[in-house]
Amino acid sequence: MAHAGSHAAAPGNPGADSGLLAALLGGLSRPAPASDANTAADGTPVTAELGGTVVRWLADDGAPVREGAPIVVLETMKMEREALAPATGTLHITVPVGEQADYGAVLGTID
């Protein structure tokens, strides 16, 4: 039996570990925060939908991309996730492969 105030998980009472997982995966279901530094004149920002490492770009810098097409792969907790182009246009990469990106960070722009 768990004592009051303990973090032991029980049915209907998620433990402390589930809170961490929810925080890490929370970016999958909510939009990335908008940045005041990115206006329409700067192009459409490509943002990190979750924090992690940029593993590879699926399109080259300066290449044309289509809205909805996979353009970058991020890795977090040994899982890879593709991010999709938010617009059609020319990709401008600002975060290179191997760099860490926080949730909501601008990885590049499309104009």
Side-chain angles (χ1 to χ4, degrees):
M1 180 166 117
H3 300 304
S6 84
H7 293 286
N13 182 18
D17 290 340
S18 66
L20 174 61
L21 183 59
L24 290 170
L25 297 178
L28 298 177
S29 63
R30 67 179 188 262
S35 170
D36 293 337
N38 295 300
T39 63
D42 295 330
T44 302
V46 176
T47 56
E49 296 176 0
L50 56 106
T53 302
V54 176
V55 176
R56 68 186 161 277
W57 283 94
L58 304 174
D60 294 326
D61 189 48
V65 296
R66 295 208 143 179
E67 182 175 4
I71 57 170
V72 65
V73 179
L74 294 169
E75 179 186 287
T76 187
M77 297 179 62
K78 307 259 185 214
M79 296 183 301
E80 291 187 354
R81 176 168 167 87
E82 291 181 345
L84 307 179
T88 296
T90 302
L91 175 63
H92 301 283
I93 296 171
T94 56
V95 177
V97 170
E99 291 290 319
Q100 189 73 22
D102 292 330
Y103 166 74
V106 176
L107 305 174
T109 58
I110 298 173
D111 54 39

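Not measured: the values here are computed from a predicted model.
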For T53, all residues meeting side-chain hydrogen bond (donor to acceptor under 3.5 Å, both in side chains), sequence neighbours excluded |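 Per chain and number, T53 pairs via side-chain hydrogen bond (donor to acceptor under 3.5 Å, both in side chains) with Q100.
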
Who are the side chain to side chain contact (heavy atoms under 4.5 Å, CB included) partners of T90, not counting sequence neighbours?
-> H92, D111

Under the side chain to side chain contact (heavy atoms under 4.5 Å, CB included) rule, collect the residues that match up with A105, sequence neighbours excluded.
-> A101

Heavy-atom pair of closest approach, residues V46 and P86 | CG2-CD, 4.0 Å

Roughly how far, to the nearest 0.5 Å, is CE of M79 from CG of L74?
->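 It comes to 11.5 Å.
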
Quick one: side chains of residues 54-69, donor-acceptor pairs under 3.5 Å with protein atoms, not counting sequence neighbours, listed by atom name and distance.
unit_1 : atom_1 : unit_2 : atom_2 : d
R56    : NH2    : E80    : OE1    : 3.3
W57    : NE1    : V95    : O      : 3.0
D61    : OD1    : I93    : N      : 2.7

Determine yes or no for a side-chain-to-main-chain donor-acceptor pair under 3.5 angstrom, with T47 supplying the side chain and V106 the backbone.
-> no

Verify same cluster id: V97, V73 (apolar side-chain graph, 4.5 Å) = no

Single-linkage hydrophobic cluster L50~V72, side-chain heavy atoms < 4.5 angstrom | no

